[in-house]
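In what follows, every heavy atom counts, from backbone to side chain, and hydrogens, waters and symmetry copies are set aside. Each chain gets a letter, A, B and so on, in the order its sequence line appears, and its residues count up from 1.
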Amino acid sequence: QQQVKQSPQSLIVQKGGISIINCAYENTAFDYFPWYQQFPGKGPALLIAIRPDVSEKKEGRFTISFNKSAKQFSLHIMDSQPGDSATYFCAASSQTGANNLFFGTGTRLTVIP
Amino acid sequence: NAGVTQTPKFRILKIGQSMTLQCTQDMNHNYMYWYRQDPGMGLKLIYYSVGAGITDKGEVPNGYNVSRSTTEDFPLRLELAAPSQTSVYFCASSSPFRREKLFFGSGTQLSVL
């Protein structure tokens, strides 16, 4: 059972466009929502994260939007660049219990020059 | 500043063989994890450890074993390899002060034929 559902599976965006990746969860105990970025042949690396006490967090061109009532969150990449081409994973965890991360299935982003 | 180091990078096993995937970190992190990554499935937690001598099962532990005799090392043992264990394996670590930020190694690509 997939704890975090992610879409789309793949995304092609032109340079300068906006990339949007969506995730949804069911477990209301989740209280930490990170996004990881993975380049081919590398391990994932933390990109940006949000906690449910805020509805939006922005770091440079990357923004997380969080909708607690809908149990959804999304990653927006503004002014997408070819260097942003990578696989993006959303994830969620709860500080209670084991506090382990549950990952989405990933979105392969390609930014066309 | 090596971070998380995994060896080997690639390996081909025959069905029924055994092997150990090595993982070491030099950040003095208490928490360490093993994930497997399959196409379209995201990352699934196999085992994790909260410190030397303490390990616990994740989502998909069957067919694997771990040990944690030191803070630095967290090897993953495959006994009686099966084709279903063909995957990319990632080791990760995190600090107790910011447990949710995982640092990943570059992965081991394993094929069982």
How long is the straight-line distance from [atom2] of [Y] back to [atom1] of [X], given to the nearest 0.5 Å?
| X | Y | atom1 | atom2 | value |
| --- | --- | --- | --- | --- |
| A/L46 | B/K101 | CG | NZ | 6.0 Å |
| A/F103 | B/K44 | CZ | NZ | 11.0 Å |
| A/L101 | B/Y48 | CG | OH | 12.5 Å |

Going only through I, L, V, M, F, W and Y residues with side-chain contacts under 4.5 Å, is there a path from [X] to [Y]?
| X | Y | result |
| --- | --- | --- |
| A/F89 | A/V13 | no |
| A/F102 | B/Y31 | no |
| B/I46 | B/M41 | no |
| B/Y47 | B/V50 | no |
| A/I21 | A/F62 | yes |

Check: What part of A/Q38 is in contact with chain B, defined as an atom under 4.5 angstrom from a non-hydrogen atom: side chain, backbone, both or neither?
Finding: side chain

Notebook entry, point to check: Is chain B contacted by the side chain of A/P34, its backbone, both, or neither, given a heavy-atom distance below 4.5 Å?
Noted result: neither

Name the region of [X], side chain, backbone, both or neither, that has any atom closer than 4.5 Å to a heavy atom of chain A.
| X | result |
| --- | --- |
| B/F103 | neither |
| B/L43 | both |
| B/Q37 | side chain |
| B/Q6 | neither |

Answer yes or no: does atom [atom1] of [X] have more than 12 heavy-atom neighbours from other residues, nucleotides or ligands under 6.0 Å?
| X | atom1 | answer |
| --- | --- | --- |
| A/Q9 | CD | no |
| B/I15 | CD1 | yes |
| A/E26 | CD | no |

Item checked: Donor-acceptor under 3.5 Å (A/Y36 side chain, B/L102 main chain) -> yes

Check: Given the rule in the side-chain contact (heavy atoms from CB on, under 4.5 Å) test, do A/N100 and B/Y33 qualify, once you have shown the distances and angles that lead to the verdict?
Finding: CA-CA 9 Å; A/N100 293 320; B/Y33 312 83; 3.7 Å; yes

Check: How far apart are the closest heavy atoms of B/F104 and A/P44, and which atoms are they?
Finding: CD1-O, 3.2 Å

